[in-house]
Amino acid sequence: FDWSWFTCTQSTGGIAVLLSECPHQFRGLQTIGIVIYLLNLVLLALFASLMLLRWATTPATLRRSFVAAPECFFYGSFWLSLATVIIGAQRYGVPHAGAWLVVALRVCFWTYAGVVLLSATVHFVVIFRCTPVTALGIHPAWFLLFYNVMLTGTVAGTLVETQPPAQRLPMMVAGVAYQGFGWLGCMLLLTWLFGHLMEKG
């Protein structure tokens, strides 16, 4: 069991978000979306528990999960899963909850924004220091390390519509900045990936 399992919750959360964005909404579609969103929460809790169990039973795998290729590249999928949880809470929770959820989601956004920026930066430094990787040996999962930062912009764009006017502008500016940071990182990785494709097919 490793970080790559979180691509499942990333995708399941993405399906729930996608269903909430369909142009022709009806009650059954909302119900399906809520069921998939709740399934995503259960899967995320299960996978996080299994990761903790793995580290508790085999402590050496904790360090290895952050530095051993290709598992370490999938670490970003955990944060991407949390982004879909925040977006899903906005789509499915805010219409049925009080103003407290709007405030809670704002706190979640700023916490998420700070943690993913720190996490992506530190994790890249750790990978460059501890993981032997050649420029032409790039793995496509490297993009997951930047997508969680880039998705912060998507989270901001989703949450801003229900936030008080005084909170909107800082959230939008942060969202655009994070989107740009993630985009620049992905462009750098894309250069390596094309080099890899030309060299190795």
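Given the structure is predicted, the values throughout are model-derived calculations rather than measurements. The analysis underlying the following values was restricted to heavy atoms, covering all of them including side chains, and did not include hydrogens, waters or symmetry mates.
If you run side-chain contact (heavy atoms from CB on, under 4.5 Å) between T12 and each of L44, T84, I36, only I36 comes through.
Looking at every heavy atom in both residues, C130 comes nearest to V67 through CB-CG1, 3.8 Å. In plain terms, the two heavy atoms of V17 and G88 that are nearest each other are CG2-N, 4.2 Å. When every heavy atom of L29 is checked against every heavy atom of C22, the shortest pair comes out as CD2-CB, 3.7 Å. When all heavy atoms of E71 and D2 are compared, the closest pair comes out as OE2-CB, 3.0 Å. Shown here for A89 and L101, the closest heavy-atom pair between the two residues is O-CD2, 3.9 Å. When all heavy atoms are compared, the tightest approach of L105 to V94 is CD1-CG2, 3.6 Å.
By the 4.5 Å heavy-atom criterion applied to side chains, I87 and Q90 are not counted as neighbours. Residues M171 and F109 are in side-chain contact: their nearest non-hydrogen atoms beyond the backbone lie under 4.5 Å apart. Looking at R91 and T158, their side chains come closer than 4.5 Å, going by heavy atoms from C-beta outward. Between I127 and F73, the closest side-chain pair of non-hydrogen atoms falls below 4.5 Å. S20 places none of its side-chain heavy atoms less than 4.5 Å from the side chain of Y37. The closest side-chain heavy-atom distance from F181 to L184 is not below 4.5 Å. Counting heavy atoms from C-beta outward, V35 and I32 have side chains that stay 4.5 Å or more apart.
One distance of note links CZ of R168 with OG1 of T162; it measures 8.0 Å at 0.5 Å rounding. For the atom pair F124 CZ and C72 SG, the distance stands at 9.5 Å (nearest 0.5 Å). Taking CG of L82 as the reference point, atom CD of Q10 lies at 11.0 Å (rounded to 0.5 Å). Atom CD of Q163 sits about 13.0 Å away from atom CG of L169, to the nearest 0.5 Å. To the nearest 0.5 Å, atom CD1 of residue I15 and atom CG of residue L39 are 9.5 Å apart. Rounded to the nearest 0.5 angstrom, L53 CG and T58 OG1 are separated by 8.5 Å.
Between the side chain of Y112 and the backbone N or O of W79 there is at least one donor-acceptor pair closer than 3.5 Å. Between the side chain of Q179 and the backbone N or O of L151, no donor-acceptor pair lies under 3.5 Å. Of the possible polar contacts, one joining the Q25 side chain to the L19 backbone as a donor-acceptor pair under 3.5 Å is found. Under the 3.5 Å distance criterion, the side-chain polar atoms of Y92 are matched with a main-chain donor or acceptor of A16.
W110 and W100 end up in the same hydrophobic cluster when Ile, Leu, Val, Met, Phe, Trp and Tyr side chains are linked at under 4.5 Å. The cluster map of Ile, Leu, Val, Met, Phe, Trp and Tyr, joined by side-chain heavy atoms under 4.5 Å apart, puts Y147 and L188 in different clusters. Residues Y178 and V176 do not share a hydrophobic cluster, defined by chaining ILVMFWY side chains whose heavy atoms lie under 4.5 Å apart. Follow the hydrophobic side-chain contacts under 4.5 Å out from V155 and you never reach L18; the two are in separate clusters. In the hydrophobic clustering of ILVMFWY residues, with side-chain heavy atoms under 4.5 Å counting as a link, V107 and L117 come out apart.
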Using the rule given for side-chain contact (heavy atoms from CB on, under 4.5 Å), can you reason through V42 versus L38, listing the C-alpha separation, both sets of side-chain angles and the distance that settles it, and then say yes or no? CA-CA 6 Å; V42 170; L38 293 175; 5.7 Å; no
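Here T9 pairs with S81 under the side-chain hydrogen bond (donor to acceptor under 3.5 Å, both in side chains) rule; sequence neighbours left out. The side-chain hydrogen bond (donor to acceptor under 3.5 Å, both in side chains) test applied to T121 returns no partner, not counting sequence neighbours. For L52, the side-chain contact (heavy atoms from CB on, under 4.5 Å) partners at least two apart in sequence or on another chain are W55.
Aromatic rings of W3 and F66 (six-membered ring for Trp) have centroids within the 6.0 Å cut-off, being under it. A ring-centre distance under 6.0 Å is found for F47 and F1.
Remark: the S119 side chain and the Y75 side chain contain an N/O donor-acceptor pair separated by less than 3.5 Å.
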